[in-house]
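So that the names make sense, note that chain A is the first sequence line, chain B the second, and so on, each numbered from 1.
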Protein chains: 2
Amino acid sequence: MYRLYEMGDSGNCYKVRLLLHQLDLAYKRVPTDIFSGETRTKEFLALNPNGRVPLLVLNDGRTLAESNAILCYLARGSNYLPVESYPHALVLQWLFFEQYSHEPFIATNRAWIHLLGDADGHAAQIEANHPRGLAALAVMEQHLKTSKFFVGDDYSIADIALYAYTHVAHQGNYDLGNFPNVRGWLNRVSEQSRHIAIDG
Amino acid sequence: MYRLYEMGDSGNCYKVRLLLHQLDLAYKRVPTDIFSGETRTKEFLALNPNGRVPLLVLNDGRTLAESNAILCYLARGSNYLPVESYPHALVLQWLFFEQYSHEPFIATNRAWIHLLGDADGHAAQIEANHPRGLAALAVMEQHLKTSKFFVGDDYSIADIALYAYTHVAHQGNYDLGNFPNVRGWLNRVSEQSRHIAIDG
């Protein structure tokens with residue numbers, strides 16, 4: 001059985017739990033609190049030298065880090081990751097977009113404001129991040145004008161990855177009022193079979 | 001023939017040129033200057049709504065963005081991207097590590113200091129980024145203690161992606177003196193068949 005080192009209200013960890021559930025794969029959760037230093041212990045760093053969750057441990061003890069790499073690993077051979085070369089590459093394109101242009105601004109502001117309750121302590125960074133998060137949402141909004149999901153008409157791990165922090169963006173003070181296509185897409189994702197909610 | 005919208009001294013663009021050359025694939029370079037706004041024109045945004053290079057245009061006009069997604073697309077079926085599930089996932093793990101934990105600190109400081117010559121204008125951000133870039137280099141250093149390349153004994157696109165900004169990290173005031181394993185690996189990468197240098 002897989003072991004997943006994770007934190008319940010982390011969007012990056014939620015991505016993996018959502019896919020594991022949709023694929024009906026058994027796994028054991030190992031709660032690991034980022035904020036109390038549990039990803040920086042000697043024991044954890046031996047598993048992931050980059051000191052981050054989620055971390056997936058396979059049956060044989062081999063480890064895999066990086067939420068979106070874990071999604072690709074688990075989704076391989078399923079309907080959630082196209083096999084054909086170009087749509088497969090488009091899924092990866094959106095996964096890299098999520099980690100580079102979306103998560104550092106939207107997830108980070110949510111963590112400071114909502115999870116840590118320390119908006120004042122990070123006011124300058126939150127303000128600097130905000131327009132960059134809006135820019136990512138604008139790219140998504142434009143794409144979703146003509147696309148039901150991120151890669152064509154089929155729900156994929158690109159949708160799972162982008163859903164994770166977009167559906168809680170309001171917790172980072174992002175207003176989705178001006179992003180009707182994003183809101184419609186969030187609904188479509190949440191209506192997928194075997195969808196589960198984020199914790200907390 | 002592929003068309004590649006790119007900038008010569010961008011590491012993200014260099015990754016793609018290096019792989020195209022090593023795969024002996026013909027392509028046409030379309031020089032696109034980030035700093036003079038050429039990725040923000042209406043014409044360019046029609047190709048990549050996220051306004052970034054590199055952007056690959058296929059023969060039939062379809063586009064692909066995100067440097068590491070382009071590497072995966074081009075490397076498919078070659079020796080540079082393992083087919084087997086777990087090593088394939090490890091390549092992706094390092095590609096996501098590069099874009100999340102490495103590039104935003106090492107490439108960004110290099111851009112401000114070396115490409116724009118504006119260290120003073122970004123002094124606070126450069127200082128904030130520096131320890132995070134060092135942390136990424138430390139993760140690489142530890143991994144390379146026991147590994148010839150990032151995924152086992154074989155050069156892959158994980159090495160290409162991490163080489164791109166690591167070998168010019170000194171241009172962002174990162175000293176590789178304390179990272180002997182990283183320096184040894186840089187040499188091994190540069191000795192690969194059909195290696196080419198970054199421009200500029």
Inter-chain donor/acceptor N,O pairs below 3.5 Å: chain A to chain B:
| unit_1 | atom_1 | unit_2 | atom_2 | d |
| --- | --- | --- | --- | --- |
| A/N50 | ND2 | B/S101 | OG | 3.3 |
| A/T63 | N | B/Y86 | OH | 3.4 |
| A/T63 | O | B/Y86 | OH | 2.6 |
| A/A65 | N | B/Q93 | OE1 | 2.9 |
| A/R76 | NH1 | B/V83 | O | 3.2 |
| A/R76 | NH2 | B/V83 | O | 2.4 |
| A/V83 | O | B/R76 | NH1 | 3.2 |
| A/V83 | O | B/R76 | NH2 | 2.4 |
| A/Y86 | OH | B/T63 | N | 3.4 |
| A/Y86 | OH | B/T63 | O | 2.6 |
| A/Q93 | OE1 | B/A65 | N | 2.9 |
| A/Y100 | OH | B/E103 | OE1 | 2.6 |
| A/Y100 | OH | B/E103 | OE2 | 3.3 |
| A/S101 | OG | B/N50 | ND2 | 3.3 |
| A/E103 | OE1 | B/Y100 | OH | 2.6 |
| A/E103 | OE2 | B/Y100 | OH | 3.4 |

Options A/A89, A/P49, A/A65, ranked by heavy-atom pairs under 4.5 Å with chain B, top entry
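Of the candidates given, the most pairs with chain B belong to A/A65.
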Indicate, with yes or no, if [Y] and [X] share a hydrophobic cluster defined by side-chain heavy-atom contacts under 4.5 Å among Ile, Leu, Val, Met, Phe, Trp and Tyr.
{"X": "B/L45", "Y": "B/V53", "answer": "no"}
{"X": "A/V151", "Y": "A/L74", "answer": "yes"}
{"X": "B/L71", "Y": "B/F97", "answer": "yes"}
{"X": "B/I198", "Y": "B/I196", "answer": "yes"}
{"X": "B/V30", "Y": "B/L56", "answer": "no"}

Do the non-hydrogen side-chain atoms of B/L64 and A/L92 ever get within less than 4.5 Å of each other?
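Not touching, per the 4.5 Å side-chain cut-off.
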Remaining members of the apolar cluster that contains A/M1, side-chain heavy atoms under 4.5 Å
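A/M1 clusters with nothing; isolated.
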Please state whether the side chain, the backbone, both or neither of A/L58 comes within less than 4.5 Å of a heavy atom of chain B.
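For A/L58, side-chain heavy atoms alone lie under 4.5 Å from chain B.
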If the condition is side-chain contact (heavy atoms from CB on, under 4.5 Å), which residues does B/A119 pass it with, not counting sequence neighbours?
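By the side-chain contact (heavy atoms from CB on, under 4.5 Å) rule, B/A119 matches B/I113, B/I126.
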